[in-house]
Amino acid sequence: MEKELTLKDIAGYVTEKAIWQMMLNLSANWRHGDFCGLTPDDIHVKNEELSLYSDCLDKNKTFGLFDAPEMFRDHAINFDQEKAEVWTLGALAFYALMGMNVFEGKGGKTQTCDTEVPRISSAHASGSLSALVFRCLNFSPTFRPSMDEVYAIAKKEMMVFPSVPPKKLINTSGKGYITSLVKFWPEEMIPCLVLLVMLIMPVRLLGQARVDVPADMGALIGRCIELRSSVNLKKVSRALERDMNWTVMDEIAIDRNGECTIKDEVDTFGLNDIGFAILKRRGGVLNTGGRFRDGRDPRYKYSLIEITVKKDAVVNYDITGREGEQLIAIIPYKKDAAFAARTYMEDNEISETQLKDGICYISIRKNLMKDDKFTLTIKNNSGQNMAFVIINYNSRSHV
(Lines give C-alpha, C1' and ligand atoms only; values in the text may rest on other atoms or scores of the structure.)
Protein backbone atom coordinates (compact mmCIF):
# COMPACT_ATOMS: atom_id res chain seq x y z
CA MET A 1 0.00 0.00 0.00
CA GLU A 2 1.39 3.36 -0.99
CA LYS A 3 2.21 5.59 1.97
CA GLU A 4 0.25 8.81 2.09
CA LEU A 5 2.49 11.83 2.24
CA THR A 6 2.09 14.66 4.71
CA LEU A 7 3.81 18.02 4.94
CA LYS A 8 6.16 16.53 7.53
CA ASP A 9 7.48 14.10 4.92
CA ILE A 10 8.34 16.72 2.32
CA ALA A 11 9.27 19.78 4.40
CA GLY A 12 12.30 21.51 2.95
CA TYR A 13 11.58 20.15 -0.55
CA VAL A 14 8.34 21.99 -1.25
CA THR A 15 8.15 24.36 -4.20
CA GLU A 16 7.04 27.94 -3.77
CA LYS A 17 4.03 27.26 -5.96
CA ALA A 18 2.93 24.45 -3.63
CA ILE A 19 3.32 26.73 -0.60
CA TRP A 20 1.18 29.44 -2.19
CA GLN A 21 -1.38 26.79 -3.06
CA MET A 22 -1.37 25.52 0.55
CA MET A 23 -1.89 29.03 1.91
CA LEU A 24 -4.67 29.60 -0.61
CA ASN A 25 -6.47 26.37 0.31
CA LEU A 26 -6.18 26.81 4.05
CA SER A 27 -7.16 30.48 4.11
CA ALA A 28 -10.11 29.89 1.75
CA ASN A 29 -11.58 27.14 3.92
CA TRP A 30 -10.62 28.54 7.32
CA ARG A 31 -13.08 28.70 10.21
CA HIS A 32 -12.38 30.01 13.71
CA GLY A 33 -10.49 27.42 15.71
CA ASP A 34 -9.52 25.22 12.74
CA PHE A 35 -5.78 25.83 13.08
CA CYS A 36 -5.47 25.58 16.84
CA GLY A 37 -2.97 22.81 17.63
CA LEU A 38 -2.32 22.24 13.93
CA THR A 39 0.88 20.37 12.96
CA PRO A 40 2.54 19.35 9.66
CA ASP A 41 1.08 15.86 10.14
CA ASP A 42 -2.37 17.43 9.65
CA ILE A 43 -1.46 18.68 6.15
CA HIS A 44 -1.55 15.93 3.54
CA VAL A 45 -0.73 15.66 -0.13
CA LYS A 46 -3.81 14.88 -2.15
CA ASN A 47 -4.46 15.43 -5.85
CA GLU A 48 -1.05 17.14 -6.16
CA GLU A 49 -2.03 19.71 -3.51
CA LEU A 50 -1.38 20.32 0.17
CA SER A 51 -4.66 20.20 2.06
CA LEU A 52 -5.95 19.90 5.62
CA TYR A 53 -7.07 16.49 6.85
CA SER A 54 -10.77 16.83 7.55
CA ASP A 55 -10.63 14.57 10.61
CA CYS A 56 -7.96 16.74 12.25
CA LEU A 57 -10.61 19.40 12.86
CA ASP A 58 -12.30 17.13 15.39
CA LYS A 59 -9.23 16.10 17.34
CA ASN A 60 -8.48 17.28 20.86
CA LYS A 61 -6.88 20.71 20.70
CA THR A 62 -3.55 21.09 22.48
CA PHE A 63 -1.10 23.94 22.05
CA GLY A 64 2.07 23.12 20.14
CA LEU A 65 5.05 24.47 18.24
CA PHE A 66 2.89 25.92 15.48
CA ASP A 67 0.67 28.00 17.73
CA ALA A 68 1.06 31.76 18.16
CA PRO A 69 2.90 33.19 21.18
CA GLU A 70 -0.21 34.84 22.66
CA MET A 71 -1.88 31.46 23.02
CA PHE A 72 0.72 30.60 25.62
CA ARG A 73 1.06 34.07 27.13
CA ASP A 74 -2.68 34.66 27.62
CA HIS A 75 -3.50 31.04 28.44
CA ALA A 76 -5.75 30.83 25.39
CA ILE A 77 -8.32 33.25 26.83
CA ASN A 78 -7.69 36.80 25.71
CA PHE A 79 -6.42 36.76 22.15
CA ASP A 80 -7.56 37.40 18.59
CA GLN A 81 -8.34 33.91 17.26
CA GLU A 82 -8.03 34.86 13.61
CA LYS A 83 -4.66 36.59 13.98
CA ALA A 84 -3.37 33.71 16.08
CA GLU A 85 -4.25 31.27 13.31
CA VAL A 86 -2.66 33.54 10.71
CA TRP A 87 0.54 33.10 12.75
CA THR A 88 0.08 29.31 12.50
CA LEU A 89 -0.32 29.54 8.74
CA GLY A 90 2.90 31.55 8.50
CA ALA A 91 4.74 29.02 10.68
CA LEU A 92 3.55 26.16 8.46
CA ALA A 93 4.70 28.00 5.33
CA PHE A 94 8.10 28.65 6.93
CA TYR A 95 8.38 24.97 7.88
CA ALA A 96 7.38 23.80 4.41
CA LEU A 97 10.04 25.94 2.75
CA MET A 98 12.88 25.63 5.24
CA GLY A 99 12.36 22.15 6.63
CA MET A 100 12.44 23.35 10.23
CA ASN A 101 10.13 25.16 12.60
CA VAL A 102 10.63 28.86 13.12
CA PHE A 103 12.75 30.29 15.95
CA GLU A 104 15.27 27.45 15.86
CA GLY A 105 12.59 24.81 16.21
CA LYS A 106 11.02 26.28 19.33
CA GLY A 107 8.01 27.86 17.66
CA GLY A 108 5.76 30.53 19.14
CA LYS A 109 6.09 29.44 22.76
CA THR A 110 9.42 31.24 23.19
CA GLN A 111 8.73 34.26 20.97
CA THR A 112 8.71 37.66 22.70
CA CYS A 113 8.44 41.24 21.51
CA ASP A 114 12.27 41.29 21.35
CA THR A 115 12.59 38.13 19.27
CA GLU A 116 13.85 38.85 15.77
CA VAL A 117 11.59 37.34 13.13
CA PRO A 118 13.78 35.65 10.48
CA ARG A 119 13.50 36.79 6.90
CA ILE A 120 13.64 34.00 4.37
CA SER A 121 16.57 34.54 2.04
CA SER A 122 15.59 35.69 -1.43
CA ALA A 123 17.59 32.77 -2.75
CA HIS A 124 14.90 30.45 -1.42
CA ALA A 125 11.66 32.39 -1.82
CA SER A 126 10.26 35.31 -3.75
CA GLY A 127 10.07 38.67 -2.07
CA SER A 128 6.29 38.45 -1.85
CA LEU A 129 6.30 35.08 -0.07
CA SER A 130 9.12 36.09 2.25
CA ALA A 131 7.31 39.33 3.14
CA LEU A 132 3.98 37.60 3.80
CA VAL A 133 5.51 34.94 6.06
CA PHE A 134 7.44 37.67 7.89
CA ARG A 135 4.22 39.58 8.56
CA CYS A 136 2.33 36.45 9.63
CA LEU A 137 5.01 35.68 12.23
CA ASN A 138 5.01 39.14 13.78
CA PHE A 139 4.82 38.96 17.56
CA SER A 140 2.09 41.61 17.63
CA PRO A 141 -1.26 40.38 16.23
CA THR A 142 -2.01 43.96 15.18
CA PHE A 143 0.67 43.85 12.51
CA ARG A 144 -0.29 40.48 11.08
CA PRO A 145 -2.48 40.31 7.96
CA SER A 146 -6.07 39.12 8.18
CA MET A 147 -7.02 35.71 6.83
CA ASP A 148 -8.83 37.45 3.96
CA GLU A 149 -5.65 39.33 3.07
CA VAL A 150 -3.63 36.10 3.11
CA TYR A 151 -6.19 34.57 0.76
CA ALA A 152 -6.12 37.58 -1.60
CA ILE A 153 -2.32 37.64 -1.79
CA ALA A 154 -2.06 33.87 -2.31
CA LYS A 155 -4.71 33.96 -5.04
CA LYS A 156 -2.87 36.74 -6.85
CA GLU A 157 0.49 34.98 -6.59
CA MET A 158 -0.92 31.68 -7.86
CA MET A 159 -1.92 33.42 -11.07
CA VAL A 160 1.74 33.94 -12.06
CA PHE A 161 2.41 30.19 -12.16
CA PRO A 162 1.62 28.39 -15.43
CA SER A 163 -0.71 25.43 -15.30
CA VAL A 164 1.10 22.10 -15.29
CA PRO A 165 -0.26 18.57 -15.76
CA PRO A 166 -0.67 16.47 -12.60
CA LYS A 167 2.51 14.75 -11.37
CA LYS A 168 2.96 11.82 -9.02
CA LEU A 169 4.63 12.88 -5.81
CA ILE A 170 6.00 9.48 -4.84
CA ASN A 171 6.61 6.24 -6.68
CA THR A 172 5.92 2.72 -5.51
CA SER A 173 9.42 1.33 -6.09
CA GLY A 174 10.54 2.16 -2.59
CA LYS A 175 12.85 5.07 -3.38
CA GLY A 176 13.48 7.75 -0.78
CA TYR A 177 11.28 10.79 -0.58
CA ILE A 178 13.97 13.13 -1.85
CA THR A 179 14.36 11.10 -5.03
CA SER A 180 10.66 10.65 -5.65
CA LEU A 181 9.86 14.29 -4.97
CA VAL A 182 11.96 15.53 -7.86
CA LYS A 183 8.78 15.57 -9.94
CA PHE A 184 7.26 17.90 -7.36
CA TRP A 185 9.75 20.62 -8.40
CA PRO A 186 8.62 22.41 -11.56
CA GLU A 187 11.45 23.77 -13.69
CA GLU A 188 10.18 27.27 -13.05
CA MET A 189 11.26 26.93 -9.41
CA ILE A 190 14.91 26.09 -9.97
CA PRO A 191 16.15 29.63 -10.70
CA CYS A 192 14.64 30.75 -7.35
CA LEU A 193 17.31 28.80 -5.50
CA VAL A 194 19.95 31.02 -7.09
CA LEU A 195 21.96 33.92 -5.71
CA LEU A 196 25.25 35.58 -6.62
CA VAL A 197 27.72 37.12 -9.18
CA MET A 198 28.38 38.12 -12.81
CA LEU A 199 30.36 40.72 -14.56
CA ILE A 200 31.01 43.79 -16.65
CA MET A 201 34.11 44.78 -18.59
CA PRO A 202 36.02 42.55 -20.99
CA VAL A 203 37.98 39.63 -19.56
CA ARG A 204 41.67 40.40 -19.49
CA LEU A 205 43.56 37.35 -20.78
CA LEU A 206 46.99 37.01 -19.29
CA GLY A 207 48.67 34.71 -21.73
CA GLN A 208 51.77 34.25 -19.57
CA ALA A 209 49.98 34.28 -16.21
CA ARG A 210 49.76 31.05 -14.31
CA VAL A 211 46.84 30.16 -12.09
CA ASP A 212 47.71 27.75 -9.31
CA VAL A 213 44.47 25.98 -8.48
CA PRO A 214 44.48 24.04 -5.18
CA ALA A 215 43.66 20.37 -5.60
CA ASP A 216 40.46 20.60 -3.52
CA MET A 217 39.25 23.53 -5.62
CA GLY A 218 40.09 21.65 -8.80
CA ALA A 219 37.93 18.76 -7.57
CA LEU A 220 35.01 21.11 -6.90
CA ILE A 221 35.39 22.62 -10.38
CA GLY A 222 35.41 19.14 -11.92
CA ARG A 223 32.21 18.19 -10.12
CA CYS A 224 30.47 21.32 -11.34
CA ILE A 225 31.53 20.57 -14.91
CA GLU A 226 30.04 17.09 -14.53
CA LEU A 227 26.72 18.69 -13.57
CA ARG A 228 26.40 20.01 -17.11
CA SER A 229 24.95 16.54 -17.73
CA SER A 230 22.02 15.56 -15.49
CA VAL A 231 23.08 11.89 -15.58
CA ASN A 232 25.90 12.80 -13.17
CA LEU A 233 23.59 14.35 -10.57
CA LYS A 234 23.63 11.47 -8.07
CA LYS A 235 27.35 10.85 -8.53
CA VAL A 236 28.22 14.49 -7.85
CA SER A 237 25.82 14.68 -4.92
CA ARG A 238 27.53 11.71 -3.27
CA ALA A 239 30.98 13.20 -3.86
CA LEU A 240 30.00 16.55 -2.36
CA GLU A 241 28.41 14.78 0.60
CA ARG A 242 31.79 13.24 1.44
CA ASP A 243 33.67 16.52 0.98
CA MET A 244 33.66 18.61 4.17
CA ASN A 245 35.79 21.49 2.84
CA TRP A 246 33.06 23.63 1.29
CA THR A 247 29.96 25.58 2.23
CA VAL A 248 27.33 27.57 0.34
CA MET A 249 28.06 31.24 -0.42
CA ASP A 250 24.60 32.21 0.76
CA GLU A 251 25.48 35.57 2.29
CA ILE A 252 25.66 37.63 -0.89
CA ALA A 253 22.61 39.63 -1.92
CA ILE A 254 20.73 38.87 -5.12
CA ASP A 255 21.20 41.35 -7.94
CA ARG A 256 17.57 41.86 -8.94
CA ASN A 257 18.51 43.89 -11.99
CA GLY A 258 20.54 41.16 -13.65
CA GLU A 259 19.56 37.77 -12.28
CA CYS A 260 16.94 35.56 -13.83
CA THR A 261 13.51 35.27 -12.25
CA ILE A 262 11.09 32.34 -12.20
CA LYS A 263 9.69 33.62 -15.50
CA ASP A 264 13.02 33.31 -17.35
CA GLU A 265 13.88 30.04 -19.07
CA VAL A 266 17.40 28.89 -18.22
CA ASP A 267 19.27 25.59 -17.96
CA THR A 268 20.93 25.09 -14.57
CA PHE A 269 23.53 22.87 -12.93
CA GLY A 270 21.22 22.12 -9.99
CA LEU A 271 24.11 22.82 -7.62
CA ASN A 272 22.14 24.88 -5.12
CA ASP A 273 19.56 22.13 -4.68
CA ILE A 274 22.36 19.66 -3.92
CA GLY A 275 24.25 22.03 -1.65
CA PHE A 276 21.31 23.11 0.45
CA ALA A 277 20.12 19.53 0.93
CA ILE A 278 23.57 18.40 2.09
CA LEU A 279 24.11 21.32 4.44
CA LYS A 280 20.65 20.89 5.84
CA ARG A 281 21.56 17.37 6.86
CA ARG A 282 24.72 18.76 8.46
CA GLY A 283 22.64 21.00 10.68
CA GLY A 284 22.50 24.35 8.94
CA VAL A 285 21.79 25.70 5.50
CA LEU A 286 19.92 28.85 4.97
CA ASN A 287 20.92 32.39 5.73
CA THR A 288 17.94 33.14 8.00
CA GLY A 289 18.65 35.10 11.14
CA GLY A 290 22.42 34.71 10.75
CA ARG A 291 22.41 31.23 12.26
CA PHE A 292 23.78 29.30 9.31
CA ARG A 293 26.95 28.86 7.34
CA ASP A 294 28.15 31.04 4.49
CA GLY A 295 31.37 32.01 2.72
CA ARG A 296 32.55 34.08 5.69
CA ASP A 297 32.56 31.05 7.97
CA PRO A 298 36.18 30.57 9.22
CA ARG A 299 35.72 26.79 9.22
CA TYR A 300 35.72 26.67 5.41
CA LYS A 301 38.21 27.76 2.78
CA TYR A 302 35.84 27.05 -0.11
CA SER A 303 32.40 28.48 -0.76
CA LEU A 304 30.25 28.11 -3.84
CA ILE A 305 26.94 29.20 -5.30
CA GLU A 306 25.02 28.87 -8.56
CA ILE A 307 23.47 31.94 -10.11
CA THR A 308 21.52 32.60 -13.30
CA VAL A 309 22.04 35.78 -15.31
CA LYS A 310 19.78 37.26 -17.92
CA LYS A 311 20.86 37.65 -21.52
CA ASP A 312 23.20 40.67 -21.94
CA ALA A 313 22.80 41.56 -18.26
CA VAL A 314 25.39 42.61 -15.70
CA VAL A 315 25.38 41.56 -12.05
CA ASN A 316 27.38 43.02 -9.16
CA TYR A 317 28.02 41.48 -5.74
CA ASP A 318 29.66 42.99 -2.68
CA ILE A 319 31.75 40.38 -0.84
CA THR A 320 33.26 40.67 2.64
CA GLY A 321 34.71 38.40 5.31
CA ARG A 322 37.62 37.17 3.18
CA GLU A 323 41.23 37.19 4.31
CA GLY A 324 44.49 37.08 2.42
CA GLU A 325 44.79 36.17 -1.25
CA GLN A 326 41.70 34.95 -3.08
CA LEU A 327 41.03 32.77 -6.10
CA ILE A 328 37.61 32.78 -7.75
CA ALA A 329 36.50 30.41 -10.50
CA ILE A 330 33.43 31.18 -12.62
CA ILE A 331 32.02 28.23 -14.56
CA PRO A 332 29.32 28.79 -17.20
CA TYR A 333 26.71 26.13 -17.87
CA LYS A 334 27.80 26.05 -21.48
CA LYS A 335 31.53 25.69 -22.02
CA ASP A 336 31.66 28.11 -24.95
CA ALA A 337 29.49 30.81 -23.29
CA ALA A 338 30.89 34.33 -23.69
CA PHE A 339 31.08 36.36 -20.49
CA ALA A 340 33.35 38.78 -18.67
CA ALA A 341 34.35 39.14 -15.02
CA ARG A 342 36.44 41.29 -12.74
CA THR A 343 36.77 42.40 -9.11
CA TYR A 344 37.45 45.87 -7.75
CA MET A 345 37.68 47.88 -4.55
CA GLU A 346 36.76 51.55 -4.49
CA ASP A 347 36.70 51.63 -8.30
CA ASN A 348 40.22 50.15 -8.54
CA GLU A 349 40.61 46.74 -10.16
CA ILE A 350 42.36 44.37 -7.78
CA SER A 351 42.62 41.14 -9.74
CA GLU A 352 44.24 39.28 -12.60
CA THR A 353 41.89 37.34 -14.84
CA GLN A 354 42.57 34.31 -17.00
CA LEU A 355 40.23 32.26 -19.19
CA LYS A 356 41.08 28.58 -19.50
CA ASP A 357 38.90 25.78 -20.93
CA GLY A 358 35.84 28.03 -20.74
CA ILE A 359 36.38 28.80 -17.01
CA CYS A 360 37.27 32.27 -15.80
CA TYR A 361 39.85 32.40 -12.98
CA ILE A 362 40.16 35.61 -10.99
CA SER A 363 43.26 35.94 -8.80
CA ILE A 364 43.22 38.59 -6.09
CA ARG A 365 46.81 39.08 -4.95
CA LYS A 366 45.88 41.76 -2.45
CA ASN A 367 46.20 40.89 1.25
CA LEU A 368 42.54 41.30 2.13
CA MET A 369 41.49 41.87 5.71
CA LYS A 370 38.30 40.43 7.14
CA ASP A 371 36.50 43.79 7.07
CA ASP A 372 37.51 44.64 3.50
CA LYS A 373 34.78 44.71 0.87
CA PHE A 374 35.31 44.05 -2.80
CA THR A 375 32.84 43.83 -5.68
CA LEU A 376 32.58 40.96 -8.11
CA THR A 377 31.04 41.86 -11.46
CA ILE A 378 29.99 39.52 -14.25
CA LYS A 379 28.53 40.33 -17.64
CA ASN A 380 26.67 37.69 -19.63
CA ASN A 381 27.62 38.08 -23.30
CA SER A 382 26.41 34.62 -24.34
CA GLY A 383 23.28 35.83 -26.13
CA GLN A 384 21.00 33.78 -23.86
CA ASN A 385 20.11 33.40 -20.19
CA MET A 386 22.99 31.57 -18.55
CA ALA A 387 23.72 29.76 -15.29
CA PHE A 388 27.11 30.17 -13.63
CA VAL A 389 28.77 28.55 -10.66
CA ILE A 390 31.00 30.73 -8.50
CA ILE A 391 33.67 29.00 -6.41
CA ASN A 392 35.77 31.07 -4.00
CA TYR A 393 39.02 29.91 -2.41
CA ASN A 394 39.52 32.03 0.73
CA SER A 395 43.18 31.37 1.51
CA ARG A 396 43.34 33.33 4.79
CA SER A 397 47.09 33.54 4.16
CA HIS A 398 49.00 36.80 3.93
CA VAL A 399 52.19 37.40 1.97
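Nothing fancy with the numbering, it's 1 onward along the sequence.
Under the 3.5 Å distance criterion, the side-chain polar atoms of Asn385 are left unmatched by any main-chain donor or acceptor of Cys260. Side-chain atoms of Glu85 come within 3.5 Å of backbone N or O of Phe35 as a donor-acceptor pair. At distances below 3.5 Å, not a single donor-acceptor pair connects side-chain atoms of Asp297 with backbone N or O atoms of Tyr300. Checking side-chain atoms of Glu16 against main-chain N and O of Ser126 turns up a donor-acceptor pair under 3.5 Å. Here the side chain of Asp273 pairs no donor or acceptor atom with the backbone of Gly270 at under 3.5 angstrom. A donor-acceptor pair under 3.5 Å links the side-chain atoms of Asn380 to the main chain of Lys310, judged by distance alone.
Classification of the Tyr302-Tyr393 ring pair by plane angle, with boundaries at 30° and 60°, yields parallel.
Here the shortest heavy-atom pairing between Leu327 and Asp212 reads CD2-O, 3.7 Å.
Counted by atom type alone, Asn367 and Glu325 present zero donor-acceptor pairs between their side chains at under 3.5 Å.
Residues Glu226 and Arg238 are not paired through a salt bridge, judged by the lack of any N-O separation under 4.0 Å between the basic side chain and the carboxylate.
Scanning for side-chain hydrogen bond (donor to acceptor under 3.5 Å, both in side chains) contacts around Glu82 gives an empty result, with sequence neighbours left out.
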Determine all donor-acceptor pairs shorter than 3.5 Å in which one atom belongs to a side chain in residues 330-338; sequence neighbours excluded.
unit_1	atom_1	unit_2	atom_2	d
Tyr333	OH	Arg228	O	3.3
Lys334	NZ	Gln384	OE1	3.2

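Listed by first and then second residue, the side-chain hydrogen bond (donor to acceptor under 3.5 Å, both in side chains) pairs involving residues 134-144 are Glu70-Arg144, Arg135-Glu149 (not counting sequence neighbours).
Each of Thr6, Leu7, Leu50 was evaluated against Pro40; a single residue qualifies, Leu7, per the side-chain contact (heavy atoms from CB on, under 4.5 Å) test.
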